[in-house]
Amino acid sequence: MNNPFENAMEQLDKAAKIINLDKAVHEVLKRPERVLTLSIPVKMDSGEVKVFTGYRSQFNNALGPYKGGIRYHPNVTLDEVKALSFWMMVKCATVNIPMGGGKGGIIVNPKELSEGEIERLSRGYVQKVWRNIGSDKDVPAPDVYTTPQIMSWMRNEYEKLVGHEDPGVITGKPLDQGGSEARGYSTAQGGVYCVLELAKKMSLEPSQTTVAVQGYGNAGSFMAKILDEKGYKVVSVSDSKGGIKNTEGLNIEKLNEHKAITRSVIDFEGTENISNEEILELDVDILVPAALENVITKENAQNIKAKAVVELANGPTTPEADEILKEKGVVVVPDVLANAGGVTVSYFEWDQNVKGEHWSEEDVLEKLEKIMVNAFDEVWETKEKYSIDMRTAAFVKAVERVAEKTEI
Ligand code: NAD
């Protein structure tokens, strides 16, 4: 598989060429501003001390404090963290929020650790990075296998070290500890605003529009639920065990009851079981990858029948597949736009924390809609202006914004 950082730099070069980006700025954007590699000793329950490796990549803060999650996963690599921090810069700039790009990670399989060990590891991470984070410097958040509870331990450790309260040092906190309303489903909600705008551009009538969602976790299940409520016909969904379909549409409420009992969507009454490969190739109007990266590849892109792909997952489409979809005329709403609802509400959480406010769910949704609709329209206009795909258009918009604020 391609090196994720090399992929990211290819995307940067493509956007830079279109806007004739200043050479010096281009050079600056080819590397993170700061990368920290951390050795984190943790006393395990057995009494033995294990040393874990962690990273924090601070890519660019031209638009505001670095922002991005911390991932706990055995496959975390420095190149992955660097690439993700670059994509966070692009994501924040695409939706035009005053945040920069950052990302962190620890090489660990948290499923093998007790709760106490995870707490000590999380506090240990903060003990190594606290001088470089803060609500005015770098604001981490949850990512793969990191939770509101972990954010809460991290905030507590940070405040102990600096000796004062700073709730905005980290987002994705539990609601009663400075978290934001609507954060739980904000990624899907942002994706829904993109679908609604896309439907206008492509003249799709909700009740006639069929949708398939691969991945039925936080992002995918809320996407299916909200689109169903908006009158769209969700005909297929899947999780790690497989998928289901019914061309007449799924009863999402009953499906959620089924999933709560059986812990999977498969074998749901009145539906046919299908595979996770099949769901991608269904004859639907909108395909929503909401699980893993690199699922739409040069091997299956030719078989995609959807008119549009809305990327809730990060990096579900490989660069080769992107080219094939473009030739086929499939509109891809890229991850940096489609799933930016999550970081946008994280930004709202930070904004509420630094101002000492708490906004209602209604207020949060109203602000989110405005940001997502604006961003979608700007990316669409840029796509039309340069006759490029939406991903390249988002990168063009983002790089233009960052370049404008970059002082060398
Ligand atoms: P999650 O862990 O809640 O859900 C993941 C889902 O994918 C689960 O239903 C799981 O069963 C399913 N899955 C796992 N392996 C699969 C496979 N091989 N085929 C099909 N389905 C499989 O994760 P999430 O938070 O919903 O994140 C999903 C994607 O969305 C990730 O790419 C993530 O980076 C991206 N994303 C999430 C957020 C967020 O706020 N949750 C924000 C931005 C991007």
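Just so you know, these numbers come straight off a predicted model, no measurement behind them. Indexing begins at 1, ligand by ligand and atom by atom, following the structure's order.
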Go through the side-chain N and O atoms of Asp138 and Asn132 and say whether any donor and acceptor fall under 3.5 Å apart.
no

Table please: side-chain donor-acceptor pairs of residues 167-176 below 3.5 Å, with sequence neighbours left out.
residue: Thr171; atom: OG1; partner: Lys67; partner atom: NZ; Å: 2.9
residue: Thr171; atom: OG1; partner: Ser346; partner atom: OG; Å: 3.2
residue: Lys173; atom: NZ; partner: Pro167; partner atom: O; Å: 2.9
residue: Lys173; atom: NZ; partner: Ile170; partner atom: O; Å: 2.6
residue: Lys173; atom: NZ; partner: Glu349; partner atom: OE2; Å: 2.8
residue: Lys173; atom: NZ; partner: Asn353; partner atom: OD1; Å: 2.7

Show your reasoning for whether side-chain contact (heavy atoms from CB on, under 4.5 Å) applies to Thr187 and Phe222.
CA-CA 9 Å; Thr187 300; Phe222 279 114; over 6 Å; no

If the criterion is any heavy atom closer than 4.0 Å to an atom of ligand 1, which residues make the list?
Arg183, Thr187, Gln214, Gly215, Tyr216, Gly217, Asn218, Ala219, Asp239, Ser240, Asn276, Ala290, Ala291, Leu292, Leu312, Ala313, Asn314, Asn339

Contacts of Lys201 meeting salt bridge (Lys or Arg N to Asp or Glu O under 4.0 Å) (sequence neighbours excluded), chain-then-number -> Asp377

Give a yes or no on this: more than 12 heavy atoms of other residues, nucleotides or ligands lie within 6.0 Å of atom CD of Glu205.
yes

Sort and list the pairs that fulfil salt bridge (Lys or Arg N to Asp or Glu O under 4.0 Å) and have at least one residue in residues 385-394, not counting sequence neighbours.
Glu311-Arg391, Asp322-Arg391, Asp335-Arg391

